[in-house]
Structure formats: structure tokens, C-alpha cells
Amino acid sequence: MSKQISLKEAVKMVDEGSVMYLGGLGLSRTPMAFAREMVRQKKGGLHLVASGNNFAVDMLAAANLIEKIESDGCGVGFEEMISNVNRRVMEKSVKVEDYSSLSINMRLYGGSTGVPFMPTKSLLGSDLEFKPGFKGEGKSKAVDCPFTGEIVSLVPSINPDIGVIVAQRVGEDGTVQIDDSLGMDLDGLRASEIKIVIAEEIVNEDKIRKEAQKNVLPGIFVDFVVQLSHSAYPTALFGYYDYDEENLRDYLKWSTTESGFEKYRKKWIKKSEADLIGRMSPKKKSELKADIKLGY
Amino acid sequence: MAKNSDTPKYTGWDLMIISAARLIEDKMVIYAGCLDSFAAAMMAKKMQAPRARILYEGGIIDSDPKELALGLNDPRLLYKSSCHMDTRTVLAQMLQGGYVEAGFISGNQIDRYGNINATQIGKYKKPKARFENIGSVNDVASLAQTTVIMAELNEETFTKCDFITAPGHLTGGDSREKADIVGCGPVFIVTDMAIFDFHAKNKKARLVSIHPGYTKKEVFARMQWKPLSKRKVPFTLAPDKKEIEVLNSLFS
């Protein structure tokens, strides 16, 4: 049976209260088209477990769709950062649990390997350890290692309901090729119950297996694939397109108020990907197109 | 800035980047954990540390960017990296595993022991304001062999921490060791007006040098805690022509 579905079908799987992992980081490979479709379908009450430095995550906060977030801090941008997650925390519409990058990654790693927790030497001695948020005692536990006696922090494993990542290419059977740095995506996806990969290209499975050395994840770990052009836009997809500063600067300028976000939605989210990406001017497409040697 | 006719023009911010860059030795393994450190790392590789191995958030390993990256996980950062790996390799095996000799980080509140607040002010469940920050600041502060803190000097930043996101020397003395935190903690705070290190025993921040054109009084006026300081504090070495040329070339 084919694993291929449409973007709309992928987003339909998100329920109110779904615990979600969204991949990517900062200016690269974030599932922006997926987040845009979530805004269009008004998928609210979300519980996110992800890097807080993620435009897709921030946009869901701007659209007021997040109820809870467990992340490694908040902030998107360049030169100056903004955070709609922080804005919603201050408005009391989002509950936050602040971890660190390593501890969030270890939670997803633990979730992906079927054990209930993972140890780390991060968090110790800080208020990330001593002052938990909504998870209270369940956030982390400093214990004496039963073998060495040293103190380690244990962080609970997590299995998101849905994990979504963007890849450059994916085979019909779900074999994944990612050309740039992987972030937490392999752990985040493998920890999730429903695993969705959105790729610029869907490749014939026989062909992709002839390049097994380029493959980062077998299809065993992938439930659904979506073929979509510019699904990380306005963030970058290494080897395919660079980030769009015009779009991102509008986002940084407008997204932090309701009326501003409405402006952003009309210009840069629109009614569908076909409206936004399908109608992108050839000039912009060519400006953003990555140089083969540089990847951006 | 006071300068003689031989040295080119520069700002305090320029000298902050240059001072941080000077700390990087050739072949050192460095984690660039704040945006200002991206420029410092690039500078160091063009100057005295061409073989310094720079790690960036997201799994970017030992790269040599051609252009200054605009932000986190910019594809420009990948240029000439040895591997496109994952976050866990960089933060667990490399950072937690003890390979990172110096991590460069920043924060919104920095206290006299180099503890950093990058989370919020006010009580945790009733914040007065929340900060934007880069997610690995606790990891770097906890796990790098040493850390270098980069920040612009002002009263809002150089103050007691409402919340300790990233541990420095905690409450001084051997308190960091007692908490079983792995790395040695902060060794320098590099700012746009002065440079600080930490007293070997009590771990309080200590004024090491003042950038040319500033006075001790002006430095202290920008801080809510008073660092240890000798009566006479030397000037930070002014940038030479080459350093300014290289720095400017990053932004052209």
C-alpha cells in the first residue's frame, strides 16, 4: 500500500491536544508548509515537543494554536530574536516547560529506544532542574548513579503522537535522504507514533536503494510521505533553496500582534500552498534557488 | 573611542568580537553557542586559528563558512563541514563527552559568578518577562571544558539572576564542583567595554582589562554588581589594522 498522502491529509491526522514533534531548526528545514496548513485548518490545543528555535513552532504560537510546549528555550530570528511562544506564555494561553537542547534530544532519543528515561549531565545545579513548570516532579530527577555514585539528571522519555520532518528526498517506501545537518529529526521522528516525512521529491524506491550510502533512515521508520515543493519555505532546504529574507523579515516585524499576524497570513500563508508556492514569481524562485556547489 | 592616528577606527562591539576571536587557539574545538560568536569564530579561523574546529547548533561540525551566517542553522554554516551530523552527536558525544574546549555563550542576565539567565524574570510560574535565547546555553555552560560569555555591558544584563538557566560558578568557591557539574565553568566574560575573568578561589568575576577610551568608573556604572578589581586596570590591546580589515570583511 502506498505511503503517499497529501499535505491536507497529513494535517487532518492532527487532533486537538496532539503531542507533536516538528523537525528542523532555525533557518533550515522546518516544516513550514505543514504549519501553514495547520493554521488554515485551525488545528488548536497543540502540545509541542520540539526545539524552541523553530519558525514553524513560533508560527503556531502566533496563530494561537499551542496549548503546551516542552522545548529548549524560545526564539527565532537573526540579529534580533522574537518569540511568539513567549508572548503566549506571558498572556497565559501557553504552558511552558523549559529544558535544554541536549535534554530535550535525550527525551526523544529515550522515547525512540523504548526505555523510560535517559541520563544527562545537563540541567544540574540550574533552575531548569530546581524550578519545573507544568510537569512539576515529572520534569527531571537528579539521582546518584547506581554504579559510580556521581549525580546525573534523568529526563523522562517522550513519544509524540505525531512527528513531522522535512527531507530533500524520500523513497516511495519511506527511505529518507537528508543532505544537511539532521538536528534532532531522526530521534524526534523515531520517537513518534505517526511518522510523516515531507519531501521535495519522491524517488522510485529501487533507485533510492542504489544510493544506500546517502540514506539516513529506512522506510521502517516512516508511516507517510508527502511530496511538496518548497515545504520548508521561507526557511531553507539545503541544496534546493535558500531562506527568503523578505518573508522572514515580514514575519519578525508583523507576527507579534494579532493584526500584524493577520497581515502576514494574507500575504504569506494564503489559502493554500498552491496559492503561495504555486504563484511564487519566477524571479523569487530563481533568487532563492540554491547554488549547486554551495547548497544555498 | 580614543585612538591614535595609527589604529583604524573601531567600536566597542568590534573589540568584543576581536577579543573573543583572540581567545581561540589553532586546532581548538569550539562550540559557537551565541550569534556574536559566529563572527568571532570566523575571525579566528582567518587569523591565528585556521585549523580551529568550530561546532554549531544542529549538527554542524568543523565547518569553514564563506559568508557570515545570518542566524541559527543557516545553510551557510555547513560550508566545508566534515560531516552533516545530528544534534545528539554534537551535544552528547562531543560536548557531554568532553571534546569541547571552549563554548561561547551569551545571556540576558549575568551575575558575578557567571551564572546566566536566558529564560525569564519574575517567579517562574508568574514571569514578568520571558527571554529569547538559544537552546543549548545550559548544555554548553554545564558541559564544555570552559566557557566564554559574550555580552554587551549594561545594567539590565549585569545583574543578579532571577532564574539560573545556565550554571556558572553557582555560589562561588567549590559550589559548582559540589553540584557535580562536569565542565570548569566560565573563564572570561568578554564585553564591548571590558573583559573579566574569575578569581581562582572564590570564583567572583574580576576586571581584567578595559577597552581603550573607557574608564573604570564608566564600566562600573553599567553594572549592578561590582567586580573584583585592582586599582589600576590595563587597557585591552587595541585592534591592529589586520584585525579590523578581517572583521570588516566578514560584514561586507
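Atom set for the values below is all heavy atoms of this structure, side chains included, hydrogens, waters and symmetry mates excluded. First the proteins, then the strands, lettered A, B, ... as listed; each starts at 1.
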Worksheet item: Y113(B) and F198(B): aromatic ring centres closer than 6.0 Å?
Response: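 Aromatic pair excluded; centres sit 6.0 Å or further apart.
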Worksheet item: Taking the six-membered ring for Trp, is the centroid-to-centroid distance between Y233(A) and Y241(A) below 6.0 Å?
Response: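 They do not qualify: ring centres at least 6.0 Å apart.
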Measure [X] against the heavy atoms of chain B and call it side chain, backbone, both or neither at under 4.5 Å.
X       : value
T235(A) : neither
S83(A)  : both
M81(A)  : both
E80(A)  : neither
N105(A) : side chain
V96(A)  : both
D187(A) : side chain

With a sphere of 6.0 Å drawn around [atom1] of [X], does it hold more than 12 non-hydrogen atoms of other residues, nucleotides or ligands?
X       : atom1 : answer
Y99(B)  : OH    : no
E137(A) : CD    : no
E245(A) : CD    : yes
F78(A)  : CZ    : yes

Item to complete: Please assess I110(B) against I189(B) for the test side chain to side chain contact (heavy atoms under 4.5 Å, CB included), listing each intermediate value before the final yes or no.
Response: CA-CA 9 Å; I110(B) 301 165; I189(B) 307 176; 4.1 Å; yes
Part of [X] lying under 4.5 Å from any heavy atom of chain A:
X       : value
T119(B) : side chain
Y56(B)  : neither
S142(B) : side chain

Between chain B and each of [options], count heavy-atom pairs under 4.5 Å; write down the option with the most.
options                           : value
G26(A), C74(A), G73(A)            : C74(A)
K92(A), M184(A), M90(A)           : M90(A)
L108(A), L186(A), L123(A), V76(A) : L123(A)
S71(A), G75(A), S181(A)           : S181(A)
L27(A), L237(A), D180(A)          : L27(A)

Item to complete: May I have the step-by-step check of side chain to side chain contact (heavy atoms under 4.5 Å, CB included) for V94(A) and I69(A), ending in yes or no?
Response: CA-CA 7 Å; V94(A) 167; I69(A) 180 166; 3.8 Å; yes
Worksheet entry | Worked check of side-chain hydrogen bond (donor to acceptor under 3.5 Å, both in side chains) between N154(B) and T157(B) | CA-CA 6 Å; N154(B) 59 61; T157(B) 305; 2.8 Å; yes
Item to complete: List the atom of K139(A), the atom of E97(A), and the distance in Å for their closest heavy-atom pair.
Response: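 Heavy atoms of K139(A) and E97(A) come nearest at CD-OE2, 3.1 Å.
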Quick one: [atom1] on [X] to [atom2] on [Y], what's the gap to the nearest 0.5 Å?
X       : Y       : atom1 : atom2 : value
R53(B)  : K45(B)  : CZ    : NZ    : 9.5 Å
N84(A)  : I66(A)  : CG    : CD1   : 9.0 Å
R222(B) : D192(B) : CZ    : CG    : 7.0 Å
K178(B) : I151(A) : NZ    : CD1   : 11.5 Å

Worksheet item: Relative to chain A, which of I134(B), N115(B), L35(B) shows the most heavy atom pairs under 4.5 Å?
Response: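 It is I134(B).
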Worksheet item: Do you know which of K128(B), K125(B), E132(B), E57(B) has the most heavy-atom pairs under 4.5 Å to chain A?
Response: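 The residue among K128(B), K125(B), E132(B), E57(B) with the greatest pair count is E132(B).
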Worksheet item: Can you name the residues of residues 61-84 of chain B that have some heavy atom under 4.5 Å away from a heavy atom in chain A?
Response: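 Residues of residues 61-84 of chain B touching chain A at under 4.5 Å: K66(B), E67(B), L70(B), G71(B), L72(B), N73(B), D74(B), P75(B), R76(B), L78(B), Y79(B), H84(B).
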Fill in: Per-residue contacts, residues 289-296 of chain A versus chain B, heavy atoms under 4.5 Å
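Heavy-atom contacts from residues 289-296 of chain A to chain B are L294(A), Y296(A).
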Practice prompt. Could you please state which residues from residues 126-135 of chain A sit under 4.5 angstrom from chain B, measuring non-hydrogen atom to non-hydrogen atom, sorted by number, or 'none'?
Written response: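 Near chain B, by residue number: S126(A), D127(A), L128(A), K131(A), P132(A), G133(A).
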Fill in: Q109(B) side chain vs D162(B) backbone, donor-acceptor pair below 3.5 Å
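Indeed, once roles are kept as given, a pair shorter than 3.5 Å links the two residues.
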Discussion item. Go through it in stages, so that I can follow the logic: the residues are K160(B) and D111(B), the test is salt bridge (charged side-chain N to carboxylate O under 4.0 Å, His left out), and I'd like the CA-CA distance, side-chain angles, deciding distance and then a yes or no.
Written reply: CA-CA 5 Å; K160(B) 204 161 171 287; D111(B) 73 13; over 6 Å; no
Worksheet item: Where do S100(A) and D139(B) land on the side-chain hydrogen bond (donor to acceptor under 3.5 Å, both in side chains) test, with the steps shown first?
Response: CA-CA 6 Å; S100(A) 70; D139(B) 305 317; 2.6 Å; yes
Practice prompt. Using a strict 4.0 Å threshold on nitrogen-to-oxygen distance, state whether E79(A) and R249(A) make a salt bridge.
Written response: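 Salt bridge flag = yes for R249(A) with E79(A).
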Fill in: Check ion pair R29(A)-D185(A) (N to O, under 4.0 angstrom)
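A salt bridge is present here (some side-chain N lies under 4.0 Å from a carboxylate O).
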Worksheet item: By side-chain contact (heavy atoms from CB on, under 4.5 Å), which residues pair with V182(B), not counting sequence neighbours?
Response: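 side-chain contact (heavy atoms from CB on, under 4.5 Å) list for V182(B), sorted by chain: K121(A), L143(B).
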Item to complete: Quick one: sort the Y251(A) and F55(A) rings into parallel, tilted or perpendicular, breaks at 30° and 60°.
Response: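 The rings of Y251(A) and F55(A) stand perpendicular, inter-plane angle above 60°.
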